[in-house]
Amino acid sequence: MFSFVAIFGSVELGIIYAIMALGVYLSFRVLDFPDLTVDGSFVTGAAVAATMITMGYSPWIATILAIVAGFIAGCATGLLHTKGKINALLSGILMMIALYSINLRIMGLTSDTSVGRPNIPLLNSETLFTKFGAFWEKTGIDGGLNGFFSRMHADSLPSTWGIVFFMLIVVLLIKFAADWFLKTEVGLALRATGDNQKMIRSFSANTDTLIILGLGISNGLVALSGALVAQYAKFADIGMGIGMIIIGLASVIIGEAIFGTKSIFRTTFAVIGGAIIYRIVVSLALRVQFLDTGDMKLITAFIVILALIMPKLIEKQKEKKRKAKRHAERLSALNVSAEREVQ
């Protein structure tokens, strides 16, 4: 039995991960850059936010500085590729490896010896979610929504709806900002760089700067997602970024397959929807008896494979039907002309 609260939790987490998926969309789809920095910059965002919150800073300042740290990490990858002339894939791998040690050092700032620390708990710390939760409780909206769903015979209800509404506001603001940015002169140049670097260079555009900027923004969004996940889960861990790039790609591919990519507005919406759908699918899959939490990476790989193969299979079937229809029309036309000749 799939409980309402389990699906609700998946939607909550899916909205937070949607920010990371938007970052992956910028690097992989817009820039056409296979950026593996994501696995490291996600943890960087979580590490910076958790460290600063533990040290007594405001969670707002901690989250903003997490974005800045992610932006710097992305720019470093861009510099390795553009100025260092290192292969795009290798640049991301090198930065991801370097960030592992950097993240340990960042989290180590919370210890007396400043030695690398693998995790930071935030159980009793004030976060963005606790701040918003205190305001949300005063509105009384939880009681109204839970009352409505209890009348709909929902088997279990969430303790608060505040996180979902807070994250929806944040994600939609980022989505509309991304839509606007990608339609500006710089955004159009960024998209053109991903499509054809030689062409955009002929218009005197500095593609190196555009790649560095694009990767910086991409990893800034990824770090923001990491900072929010750390505050949501109440801990930051050095291993929490493993496989993030696959999750981001799965969200992008699933969203594009289901919602389409006819416009920037629709594509960014598809990425957000894909992240939420991915989390729901994983949550439902883990409730199957013979699967457990250790199988999550296998489930992710299977979902990505399906998302990649299914659209091609569906298109192949449609093409077969179109060919069969054209063949039938030609036969019909030939039969009609043959009948006329006989007459």
Side-chain angles (χ1 to χ4, degrees), residues 1-22 42 45-46 48-50 52-54 56-64 66-67 119-176 221-237 240 247 251 269 271-287 293 296:
M1 183 71 181
F2 302 128
S3 66
F4 176 78
V5 75
I7 300 297
F8 182 83
S10 299
V11 172
E12 270 185 345
L13 207 53
I15 296 170
I16 299 173
Y17 278 106
I19 300 171
M20 182 268 295
L22 285 169
F42 184 86
V48 170
M52 295 202 68
I53 289 170
T54 303
Y57 289 91
S58 163
W60 291 104
I61 295 171
T63 304
I64 291 167
I67 297 169
N119 53 64
I120 299 174
L122 295 172
L123 292 172
N124 299 315
S125 302
E126 188 178 50
T127 65
L128 290 180
F129 297 115
T130 57
K131 274 182 170 291
F132 186 81
F135 160 76
W136 182 261
E137 283 180 7
K138 297 173 185 176
T139 64
I141 296 173
D142 282 338
L145 287 171
N146 285 340
F148 171 77
F149 280 98
S150 63
R151 288 193 293 272
M152 299 291 289
H153 305 291
D155 56 346
S156 55
L157 296 168
S159 58
T160 180
W161 293 73
I163 294 173
V164 161
F165 281 90
F166 174 67
M167 283 312 307
L168 273 175
I169 293 166
V170 172
V171 169
L172 287 175
L173 284 173
I174 292 169
K175 178 210 160 18
F176 291 128
L221 289 174
V222 172
L224 170 59
S225 180
L228 292 171
V229 168
Q231 293 175 69
Y232 175 83
K234 291 285 187 178
F235 75 92
D237 187 86
M240 67 193 299
I247 294 171
S251 303
F269 170 77
V271 171
I272 294 167
I276 296 169
I277 291 167
Y278 166 78
R279 278 288 149 190
I280 293 172
V281 170
V282 169
S283 174
L284 296 178
L286 289 175
R287 288 178 170 269
T293 52
M296 197 170 87

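Position 1 is the first residue of the sequence; numbering continues from there.
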Roughly how far, to the nearest 0.5 Å, is [atom2] of [Y] from [atom1] of [X]?
{"X": "Thr127", "Y": "Phe132", "atom1": "OG1", "atom2": "CZ", "answer": "12.0 Å"}
{"X": "Trp136", "Y": "Trp161", "atom1": "CH2", "atom2": "CH2", "answer": "9.5 Å"}
{"X": "Phe42", "Y": "Leu221", "atom1": "CZ", "atom2": "CG", "answer": "12.5 Å"}
{"X": "Ile163", "Y": "Ile15", "atom1": "CD1", "atom2": "CD1", "answer": "10.5 Å"}
{"X": "Phe235", "Y": "Asn119", "atom1": "CZ", "atom2": "CG", "answer": "8.5 Å"}
{"X": "Ser283", "Y": "Ile280", "atom1": "OG", "atom2": "CD1", "answer": "8.0 Å"}

Counting only N and O atoms by type, is there a donor-acceptor contact under 3.5 Å from the side chain of Lys234 to the main-chain atoms of Ser125? yes

Specify the closest pair of heavy atoms between [X] and [Y], including all atoms of both residues, with the distance to one decimal.
{"X": "Gly14", "Y": "Arg279", "answer": "CA-CG, 3.5 Å"}
{"X": "Thr54", "Y": "Pro121", "answer": "OG1-O, 4.4 Å"}
{"X": "Ala236", "Y": "Ala50", "answer": "CB-CB, 3.6 Å"}

Show me the donor-acceptor pairs, under 3.5 Å and distance only, between side chains in residues 222-231 and residues at least two apart or in other chains.
residue : atom : partner : partner atom : Å
Ser225  : OG   : Ile16   : O            : 3.1
Gln231  : OE1  : Leu128  : N            : 2.9
Gln231  : NE2  : Thr63   : OG1          : 3.1
Gln231  : NE2  : Ala227  : O            : 3.2

With sequence neighbours left out, what residues match Phe176 under ring pair (Phe, Tyr, Trp, His ring centres under 6.0 Å)?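 None.
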
Sequence neighbours excluded - salt bridge (Lys or Arg N to Asp or Glu O under 4.0 Å) pairs with any residue from residues 119-130: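 Checked against salt bridge (Lys or Arg N to Asp or Glu O under 4.0 Å) - neighbours excluded - the pairs reaching residues 119-130 are Glu126-Lys131.
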
Under the rule for side-chain contact (heavy atoms from CB on, under 4.5 Å), what residues qualify as partners of [X], not counting sequence neighbours?
{"X": "Ile64", "value": "none"}
{"X": "Val170", "value": "Ile19, Phe166, Met167, Ile174"}
{"X": "Ile169", "value": "Leu173"}

